[in-house]
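Presented below is the structure to which this report refers.
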2 protein chains.
Amino acid sequence: MALAITLDNLHNMINIPDILKRNSLSITDGRMKILELFYNSEGALAHADIEKKTGLAVDRVTVYRTLQTFVEKGIIHQVPTTDNSILYALCKHDCEKGHHHDNHVHFVCNQCEATVCLDEVTVPSVKLPVGFRPVQAAMIVTGLCKNCI
Amino acid sequence: MALAITLDNLHNMINIPDILKRNSLSITDGRMKILELFYNSEGALAHADIEKKTGLAVDRVTVYRTLQTFVEKGIIHQVPTTDNSILYALCKHDCEKGHHHDNHVHFVCNQCEATVCLDEVTVPSVKLPVGFRPVQAAMIVTGLCKNCI
DNA sequence: GTAACTGCAAAATATTTGCATCCTT
DNA sequence: AAGGATGCAAATATTTTGCAGTTAC
């Protein structure tokens with residue numbers, strides 16, 4: 001019989017300490033808790049979300065420093081937004097190696113406010129006016145997500 | 001206060017007080033100065049840019065309030081960014097009527113840091129996974145602008 | 001004259017930095 | 001043991017709010 005891959009055993013396949021180790025980061029409670037949060041969350045997270053969910057377990061300053069570290073290591077990336085909020089999301093593919101490959105479309109739900117990475121949808125290229133040399137492109141689509149339709 | 005008539009807005013026959021009037025806003029020094037700034041600037045502006053350029057002429061709080069008012073009226077729009085900065089740019093077409101039509105691509109120069117609206121380049125549509133209903137899309141391209149190539 | 005707008009002060013938030021202590025390796 | 005990571009306190013920075021005085025209409 002085929003092995004059913006549920007969310008749960010998908011998570012079991014992910015080894016949080018290992019990810020930290022691969023990125024030459026010491027394995028600490030705070031980093032584990034925060035990284036776990038990302039793996040257990042559907043969409044992108046703001047600093048405030050993380051602070052709320054970790055509660056007293058992790059200091060506010062540590063959250064700032066951890067997010068910064070994770071971005072530098074390529075474990076998470078900053079999600080572009082149309083407003084001015086700062087969101088972070090896991091680099092699903094192989095950003096862990098230090099290069100970000102977040103050229104996928106980000107979707108923001110107007111209803112539930114969640115931001116999700118549509119890893120399978122790549123940003124289309126556009127023709128720019130003469131004189132502009134493109135290097136990277138980001139795209140944000142807003143609308144209704146599957147939970148809110 | 002005397003409105004400085006630059007070659008540019010003279011040529012385009014842009015009447016700053018008129019724009020305010022059309023939007024049922026009283027014509028004040030601060031609003032004129034700030035709106036003028038937008039018309040005389042190539043790209044998008046951050047709150048800090050405006051504060052620096054208006055100097056003591058306009059209070060910091062007034063800048064915040066004016067930007068908010070202008071966005072509400074559809075005179076300017078918030079520019080999506082890949083980092084977390086807040087940028088504003090003129091709505092070039094007919095956003096003054098209260099609806100935003102900023103579905104154009106925004107370009108950020110890695111060299112000079114300027115953000116410009118590519119009004120002539122519209123955001124392409126993408127095919128989303130089942131369950132996502134798109135309403136709006138934004139796109140940010142980074143690279144080198146014509147001045148920095 | 002009246003409503004709208006501004007500036008100032010201060011409150012509320014958000015982010016960064018320094019340093020002593022603790023924990024991972 | 002040593003270097004890195006954390007927590008706490010405090011310094012900065014950013015944004016919002018209240019209110020009294022001023023200005024546009």
Side-chain angles (χ1 to χ4, degrees), chain A residues 15-38 44-76 78-79 81-88 113, chain B residues 1-3 15-38 44-79 81-88 98:
Chain A
N15 189 330
I16 304 262
D18 221 56
I19 293 169
L20 293 174
K21 211 174 293 174
R22 275 207 301 278
N23 284 284
S24 341
L25 294 173
S26 8
I27 297 164
T28 66
D29 284 4
R31 284 171 179 170
M32 297 235 281
K33 283 215 170 69
I34 293 172
L35 196 43
E36 215 176 306
L37 254 183
F38 276 107
L45 299 172
H47 176 277
D49 297 329
I50 295 162
E51 205 186 311
K52 194 169 7 164
K53 290 191 184 171
T54 53
L56 299 175
V58 189
D59 189 79
R60 170 188 306 241
V61 175
T62 301
V63 175
Y64 278 113
R65 291 195 269 226
T66 303
L67 290 173
Q68 191 182 302
T69 304
F70 284 0
V71 169
E72 277 162 13
K73 292 292 185 177
I75 299 171
I76 60 176
Q78 287 198 205
V79 175
T81 57
T82 38
D83 61 355
N84 39 309
S85 58
I86 320 177
L87 295 176
Y88 302 88
E113 306 268 278
Chain B
M1 158 226 173
L3 169 65
N15 190 330
I16 304 261
D18 221 54
I19 294 169
L20 294 173
K21 211 174 293 177
R22 274 207 300 279
N23 284 284
S24 339
L25 295 173
S26 357
I27 297 165
T28 66
D29 283 4
R31 284 172 179 171
M32 297 234 280
K33 282 214 172 70
I34 293 172
L35 196 44
E36 208 181 318
L37 254 182
F38 276 107
L45 299 172
H47 176 277
D49 298 329
I50 295 162
E51 205 186 310
K52 195 169 8 165
K53 290 191 185 173
T54 53
L56 300 175
V58 189
D59 189 78
R60 170 187 306 240
V61 175
T62 301
V63 174
Y64 277 112
R65 291 195 269 227
T66 303
L67 289 173
Q68 189 182 304
T69 304
F70 283 1
V71 169
E72 277 161 13
K73 291 292 186 177
I75 299 172
I76 60 177
H77 62 269
Q78 287 199 205
V79 175
T81 57
T82 39
D83 61 355
N84 38 309
S85 57
I86 320 175
L87 295 176
Y88 302 88

How many Å lie between [atom1] on [X] and [atom2] on [N], as a whole number?
| X | N | atom1 | atom2 | answer |
| --- | --- | --- | --- | --- |
| A:I34 | D:dT6 | CD1 | P | 8 Å |
| A:K73 | D:dG4 | NZ | P | 11 Å |
| B:K52 | D:dA13 | NZ | P | 14 Å |
| A:D59 | C:dC23 | CG | P | 15 Å |
| B:E51 | C:dC8 | CD | P | 13 Å |
| B:I86 | C:dT15 | CD1 | C1' | 14 Å |
| B:L25 | C:dA4 | CG | C1' | 10 Å |
| B:L67 | C:dC5 | CG | C1' | 15 Å |

Does OP1 or OP2 of [N] have a side-chain N or O of [X] closer than 4.0 Å?
| X | N | result |
| --- | --- | --- |
| B:T28 | C:dT6 | yes |
| A:S26 | D:dA5 | yes |
| B:R60 | C:dG7 | no |
| B:T62 | C:dG7 | yes |

Out of A:L20, A:N23, A:I19, which one pairs with A:F70 under the side-chain contact (heavy atoms from CB on, under 4.5 Å) rule? A:L20

Pick the closest DNA chain D nucleotide for A:V61 and for A:D29 by heavy atoms, then say which residue is nearer the 5' end.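 Closer to the 5' end of DNA chain D: A:D29.
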
Tell me if the side-chain of A:R65 makes a donor-acceptor pair with the base of D:dG4, cut-off 3.5 Å, by modelled atom types. no

Heavy atoms under 4.0 Å, any strand shown: does A:A57 hit a base, just sugar-phosphate, or nothing? sugar-phosphate

Have a look at B:L56 and say if it touches a base, only the backbone sugar-phosphate, or nothing, with a 4.0 Å heavy-atom cut-off. nothing

With a 4.5 Å cut-off on side-chain heavy atoms, are B:L37 and B:T54 touching? yes

Answer yes or no: is there a side-chain heavy-atom contact under 4.5 Å between A:Q78 and A:L87? no

The salt bridge (Lys or Arg N to Asp or Glu O under 4.0 Å) partners of B:R60 (sequence neighbours excluded) come to B:E51

Could you list the residues that satisfy salt bridge (Lys or Arg N to Asp or Glu O under 4.0 Å) with B:D18, not counting sequence neighbours? B:R22

Which one, C:dA14, C:dT24, D:dT16, comes nearest to the side chain of A:Y64? C:dA14

